Amino acid sequence: MSTPKILVRVPDDLVPELVAAGLAEQATTRRSGNWEVVASWLTGAGTVISLLQGPETIGWLAKALFKRKKDKPRASTQYLTAKGEAGELRIPITESTSVEDIERLLTATLFPADRDKR
């Protein structure tokens, strides 16, 4: 039985790391369907990948986004927006935002069926 996947657009610089970690595969299409992760402090239009569904994927992605914000601090508030099956959610990323906050946002929008399993 294969692991379920969704097509999702993520910031370009995350793609090599997600693929190397075995959590995603490069998609053969440029269309993302309904799923997207947009971090306003990252540049680039984003790349469509086939993201493996699972708690380890969400945890990894949350930590990667958190680390990038920490590595690129700005004076003003930045935002992380995730769009998926459950709609679109946006949270401000500030000094008090945690990895867990980012993980909850991603789980709630990208994998809502996993929301109650955590």
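Since this is a predicted model, take the numbers as computed values, not measurements.
For the atom pair CG (L14) and CD1 (I49), the distance works out to 8.0 Å, reported to the nearest 0.5 Å. The structure places OG1 of T109 at 9.0 Å from CD of E88, a figure rounded to the nearest 0.5 Å.
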>> Could you walk me through whether R104 and T107 satisfy the side chain to side chain contact (heavy atoms under 4.5 Å, CB included) test, starting with their C-alpha distance in whole Å, then the side-chain angles of each, then the deciding distance to 0.1 Å, before giving a yes or no?
In response: CA-CA 5 Å; R104 278 192 294 277; T107 300; 5.8 Å; no

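Among all heavy-atom pairs drawn from W60 and A21, the shortest one is NE1-CB, 4.1 Å.
Checking T97, L80, L65, I58 one by one against L105, the side-chain contact (heavy atoms from CB on, under 4.5 Å) holds for a single residue, L80.
Residues meeting the side chain to side chain donor-acceptor pair (under 3.5 Å) test with E25, sequence neighbours left out: K5. Not counting sequence neighbours, the partners of A62 by the side-chain contact (heavy atoms from CB on, under 4.5 Å) test are V99, I102, E103, L106. Residues passing the salt bridge (Lys or Arg N to Asp or Glu O under 4.0 Å) test with E100, sequence neighbours excluded: none.
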